[in-house]
Protein chains: 2
Amino acid sequence: MSTPGFSEQTSALLSQASLACSRRGTQLTELRRKVLGLVLDSDRPAGAYDLLDRLRAHHKGAAPPTVYRALDFLLEQGLIHKVERLSAFVGCIHRHADDHDHPHAAQFLICTRCGRVTEIEDGGVNRALVQAARQGGFRLARATVEAEGVCAACAAMPAGASAGA
Amino acid sequence: MSTPGFSEQTSALLSQASLACSRRGTQLTELRRKVLGLVLDSDRPAGAYDLLDRLRAHHKGAAPPTVYRALDFLLEQGLIHKVERLSAFVGCIHRHADDHDHPHAAQFLICTRCGRVTEIEDGGVNRALVQAARQGGFRLARATVEAEGVCAACAAMPAGASAGA
DNA sequence: CCGCCACTGCTACGTTATAACCTGAACGAG
DNA sequence: CTCGTTCAGGTTATAACGTAGCAGTGGCGG
Ligand SMILES: [Zn+2]
Ligand SMILES: [Zn+2]
Ligand SMILES: [Zn+2]
Ligand SMILES: [Zn+2]
């Protein structure tokens with residue numbers, strides 16, 4: 001695999017991310033690649049300090065700014081998203097077209113049972129938001145939409161249990 | 001005025017809040033009333049530590065737990081909202097019906113020029129969210145919707161200026 | 001009187017995020 | 001080549017946000 005320690009799927013996503021950055025004239029350096037790999041490899045949102053701890057295993061001397069700078073870069077590149085309610089980060093599931101100059105409009109479904117976050121991109125929600133903003137004369141730039149509830153997997157489990165670990 | 005140091009409008013809202021709490025069997029104590037007054041009296045979202053500083057002017061010995069406990073209470077009572085993106089609090093503009101047992105579904109428009117936040121409650125957005133969640137088999141409990149952009153007042157100003165202060 | 005409860009005071013601590021300053025590598029202009 | 005500039009990252013310290021835990025007080029019902 002291309003980056004030891006990461007899953008096959010994560011490695012594949014890292015390769016795509018690297019390409020996407022090249023096309024945009026930015027560099028997915030080794031450090032940024034590691035941080036992105038850690039985010040992608042986690043099936044739950046990852047906090048900055050969780051990432052820092054894991055990063056330190058293979059990157060001695062990492063400090064808060066180390067990981068926050070990498071996260072800022074990855075956010076700018078649209079490779080990850082921040083879930084505000086959790087102060088945590090998730091990998092972006094969407095393909096990164098050559099031309100994407102500004103972030104796409106996504107929404108997040110946060111399961112309060114298992115902690116997993118699903119990224120969706122719902123046209124209806126986006127249209128409704130644009131409409132609502134326009135009604136108030138508000139010039140909409142972007143929106144944070146984070147729903148909390150119970151995911152399909154957890155809803156199918158007996159109460160008290162949580163799907164998949 | 002009923003509570004010295006607050007505007008007439010804030011005082012009126014405080015009276016309403018006090019009544020609403022009585023009906024629900026909870027107490028809007030003097031401390032909680034002061035914190036609510038501070039939130040309502042501000043035309044921008046107020047951070048917890050900003051509130052703490054202002055609270056100390058009339059309430060010697062206040063510490064972080066003092067203000068956070070009051071904020072928790074006010075959130076539970078639906079008297080204020082937290083704006084996650086700003087880690088700050090705003091007063092709720094809606095009337096507090098006797099029967100409201102769970103929080104209402106509101107959205108926030110955050111102006112990046114002047115910093116003001118407008119609370120709206122848009123049926124279209126709420127319907128779209130319910131619909132989007134259902135499509136993924138997600139049992140929606142509540143949603144954080146925080147739009148960023150430029151408010152009508154700021155959009156009418158020359159670039160570089162910001163409306164009202 | 002006594003136990004219980006809601007509220008508050010207070011100390012300390014945990015978590016999240018950024019400021020400020022410095023080093024070194026890469027690269028083109030002069 | 002040497003300088004200025006840009007970008008990435010190391011390092012230290014600190015700001016900003018939030019909570020745990022325990023003690024005291026005062027009301028209220030047994
Ligand atoms: Zn995305
Ligand atoms: Zn779940
Ligand atoms: Zn409200
Ligand atoms: Zn504005």
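In the text below, chain A, chain B and the rest are named by the order of the sequence lines, each starting its count at 1.
For the residue pair A:Gln77 / A:Thr26, a side-chain donor-acceptor distance below 3.5 Å is found, with atom types taken as modelled. There is a side-chain donor-acceptor pair under 3.5 Å between A:Gln107 and A:Asn126. Donor-acceptor pairing under 3.5 Å is lacking for the side chains of B:Ser18 and B:Ser15.
For B:Arg127, the CZ atom sits in a loose shell: 12 or fewer heavy atoms of surrounding residues, nucleotides or ligands are nearer than 6.0 Å.
For A:Thr66 and D:dT11, the shortest distance from a side-chain N or O to OP1 or OP2 is not below 4.0 Å. The shortest distance between the side-chain N/O atoms of B:Lys82 and the OP1/OP2 oxygens of D:dG18 is below 4.0 Å. An OP1 or OP2 oxygen of C:dA17 is reached within less than 4.0 angstrom by a side-chain nitrogen or oxygen of A:Ser87. Distances shown here put a side-chain N or O of B:Gln27 below 4.0 Å from the OP1 or OP2 atom of C:dC7.
Straight-line distance from the CG atom of B:Leu52 to the C1' atom of C:dC10: 13 Å, rounded to whole Å. Atom pair A:Leu71:CG and D:dA8:P shows a separation of 15 Å (rounding to whole Å applied). What separates CZ of B:Arg56 from P of C:dG9 is a distance of 12 Å, to the nearest Å. Atom CG in A:Leu55 sits roughly 13 Å away from atom P in D:dT11 (whole-Å rounding). For A:Leu31 and C:dG24, the CG to C1' distance is 15 Å, given to the nearest whole Å. Rounded to whole Å, atom P of C:dT16 lies 7 Å from atom OH of A:Tyr68. Atom pair B:Phe89:CZ and D:dC17:C1' shows a separation of 9 Å (rounding to whole Å applied). Atom CD of B:Glu84 is separated from atom C1' of D:dC17 by 12 Å (rounded to the nearest Å).
Taking 3.5 Å as the limit, the base of D:dG18 and the side chain of B:Arg69 contain no donor-acceptor pair of atoms between them. Judged by atom type and distance alone, A:Tyr49 does not reach the base of C:dG14 through any side-chain donor-acceptor pair under 3.5 Å.
Side-chain proximity of B:Ala63 to D:dT11, C:dT11, C:dA17: nearest is C:dT11. In the set C:dC7, D:dG9, D:dG18, the nucleotide with an atom closest to the side chain of A:Thr29 is D:dG9. For B:His59, the listed nucleotide lying nearest its side chain is C:dG9; candidates were C:dG9, D:dA8, D:dG18. Nearest nucleotide to the side chain of A:Arg32, out of C:dT16, D:dA8, D:dG18: D:dA8.
Separation of the A:His81 and A:His94 ring centroids does not fall under the 6.0 Å cut-off.
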